[in-house]
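The shown structure was predicted, so the numbers you read here are calculated from the model rather than taken from an experiment.
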Amino acid sequence: MTHSAGVGTRGTWGSKLTFVLAAAGSAIGLGNIWGFPMMVGLYGGSGFVFVYLICVLLLGVPVMMAELTIGRSARSDPVGAFKKLAPQTRWRFVGVLGVVTGLVILSYYSVVAGWTLRYLATTLTEGLGESPAEIQAAFTGFLAGPWPLVFHALFMALTIWVVMGGVEGGIERITKILMPFLLLILLLLVLRSVTLEGAWRGIDFYLRPDLSKISFSVVLAAMGQAFFSLSLGMGAMITYGSYLSEKEDLASSALYVSLSDLLVAFLAGLAIFPALFSVPGLKPDEGPALIFLVLPNIFNTIPFGQLFGTAFYLLVAIAALTSAISLLEVVVAYFIDQRGWSRRWAALVVGVSAYLLGVPSALGEGYVSFFSGFLSRVDFLFGKLSLVIGGLFICLFVGWRWGTANAVAEIQRSNPGFRLGEAWSFLVKYLCPLAIVVILIRQLADLLL
Ligand code: TRP
């Protein structure tokens, strides 16, 4: 066990499978089930889906490989990793930006995760409401009171507790059992959703190719969503990679993690949109409330709906937990590796700070109007923009400072047959940074002009 892991006694994953599961556990979370459908709804449907797919494959996979490679080579938290690979330079601030971003994302992530806990409690006991209007009223009523703070606290406490247990004892053990379950329940929901009356309209909205709604803001949103969903751009994969043993292949790990993340997001959309269009009065551009308003309607129409509902919210809460763990872990690893704190103390202090930082987000969705819109804005700044900028610097670092030759050598250390070095180097050196810069500049111009 690594309860008081100080410098030099870092944990390691038990096997490649547990690593892939934990990294997939980090990636698969609210970003897939809550964020992805929300973005598809807000940005007009299938066009977003298409751009998102390209972003994951062309930007996400290469950047994930870059992060894992940095992490395993340096065996350190994000700040320490940049310090080790580029000593005495300002590159360490990329790590600092990542640690700060992780703390902020965790703050509101835990708020939304808290909503899922409350849904879990309600499905289990009294049900979520009979009609769409009732469901809506119950949700609005919940947000208009102080209860979100309580569920936010509960969720954060759980996260702190697992991270205190360390890499093998805490994170690994819980992910291993639960991810396969999530997939199963999601498949059942998809089956139900696509067989509802009027489901085709949702499938049409979600999947029929329609590129007319693509704009630069759609591309920026899709790119940001890809980084968020894959846990990229702030050093989470650097940190998880740092616990990875020499034997494991980084390229296939990155691919497995990315594809499972993609699959879960795709299924979440397929569970939600057909159901949404089959219920009169619901609109896809609902924003953060979307999954909380749509899915209860499905549970109302299926046999054993309450059972499925309970299972579903339980699993979403767990998916959120394995993601929140990775967010907290990054910041905790920094305090352990760089400041010499004990794991327990770091987890406690950082977790409580993130809790306090999340209070405005918890209150702003209906209770305290002063904070209204806080959550979405912080999500845009830290959960999208900062990750994309972090991703840019990670590409520039691997491509131009540390060098793709060093990075490819690190990959080949465990996989001598790795042949895609050149293609990957091209993406990391040129295509990814260029794409990110062009889209950021364009977005900035839109904002300013
Ligand atoms: N990827 C997670 C999700 O989709 C959230 C997450 C966990 C994350 N760790 C991260 C996002 C690190 C960005 C960076 O829910």
Side-chain angles (χ1 to χ4, degrees), residues 25 28-38 106 108-130 132 134-162 174-175 177-190 192-193 264 267-268 271-272 275 286 288-325 327-328 351 355 358 361-362 365-367 375:
I28 297 169
L30 296 174
N32 306 61
I33 298 162
W34 167 71
F36 178 72
M38 163 171 90
L106 178 60
Y108 66 84
Y109 199 86
S110 164
V111 169
V112 179
W115 300 352
T116 67
L117 287 184
R118 128 88 206 221
Y119 263 61
L120 175 61
T122 321
T123 19
L124 204 59
T125 52
E126 60 206 71
L128 297 165
E130 304 284 319
E134 249 182 76
I135 293 167
Q136 168 112 37
F139 187 60
T140 324
F142 165 64
L143 291 180
W147 280 98
L149 277 182
V150 175
F151 287 98
H152 172 37
L154 200 65
F155 184 81
M156 193 66 85
L158 276 171
T159 310
I160 295 173
W161 176 67
V162 178
I174 178 157
T175 346
I177 322 168
L178 298 163
M179 297 318 285
F181 255 115
L182 179 69
L183 205 62
L184 197 73
I185 292 276
L186 211 50
L187 279 172
L188 284 172
L189 289 180
V190 168
R192 174 66 259 201
S193 182
V264 173
L267 290 177
I272 286 165
E286 220 30 92
L290 179 65
I291 72 157
F292 296 100
L293 300 182
V294 176
L295 290 177
N297 290 298
I298 317 193
F299 300 130
N300 281 342
T301 64
I302 58 181
F304 307 108
Q306 194 183 13
L307 193 69
F308 279 121
T310 309
F312 177 77
Y313 289 111
L314 179 66
L315 291 165
V316 175
I318 289 160
L321 184 63
T322 55
S323 301
I325 289 166
L327 287 162
L328 182 56
Y355 176 78
S361 298
E365 298 296 304
Y367 192 42
L375 195 157

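With values rounded to the nearest 0.5 angstrom, Thr123 atom OG1 is found 9.5 Å from Tyr119 atom OH. Note that the CG atom of Leu183 and the CG atom of Leu267 stand 6.5 Å from one another [nearest 0.5 Å]. Rounding to the nearest 0.5 Å places CG of Leu186 at 6.0 Å from CD1 of Ile33. The line from CG of Leu295 to CG of Leu290 is 8.0 Å long, rounded to the nearest 0.5 Å. To the nearest 0.5 Å, the span separating CG on Leu293 from OG1 on Thr140 amounts to 7.0 Å. How far CE of Met156 is from OH of Tyr355: 8.5 Å, rounded to the nearest 0.5 Å.
In terms of modelled atom types and a separation under 3.5 Å, the side chain of Thr116 and the main chain of Leu314 share no donor-acceptor contact. One N or O on the side chain of Ser193 and one on the backbone of Ala275 form a donor-acceptor pair closer than 3.5 Å. A donor-acceptor contact shorter than 3.5 Å links the side chain of Asn300 to the backbone of Gly129. Judged purely by atom type and a 3.5 angstrom limit, Ser110 has no side-chain atom pairing as donor or acceptor with the backbone of Leu106. Checked by atom type and distance alone, the side chain of Tyr109 pairs as donor or acceptor with a backbone atom of Leu30 at under 3.5 Å.
Each of Leu120, Leu143, Val316 was scored for a side chain to side chain contact (heavy atoms under 4.5 Å, CB included) with Trp115, with one residue passing: Leu143. Test Thr122, Ile291, Ile135 against Pro296 for side chain to side chain contact (heavy atoms under 4.5 Å, CB included) and you get one pass: Ile135.
When all heavy atoms of Ala271 and Leu189 are compared, the pair lying nearest together is CB-CB, 4.2 Å. Contact detail for Ala362 and Leu149: the closest heavy-atom pair is CB-CD2, 3.8 Å. Nearest heavy atom pair, residue Tyr108 against residue Ser361, reads CB-OG, 3.6 Å. The minimum heavy-atom distance linking Ser323 with Gly29 is given by the pair OG-CA, 3.4 Å. Contact detail for Asn32 and Pro37: the closest heavy-atom pair is O-CD, 3.2 Å.
In this structure, Arg118 and Trp147 have side chains that are not in contact, with every pair of non-hydrogen atoms separated by 4.5 Å or more.
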_Between Ile28 and Thr322, is the side-chain contact (heavy atoms from CB on, under 4.5 Å) condition met? List the steps._
CA-CA 8 Å; Ile28 297 169; Thr322 55; over 6 Å; no

*So Phe299 and Phe312, side-chain contact (heavy atoms from CB on, under 4.5 Å) or not? Walk me through it.*
CA-CA 10 Å; Phe299 300 130; Phe312 177 77; 3.7 Å; yes

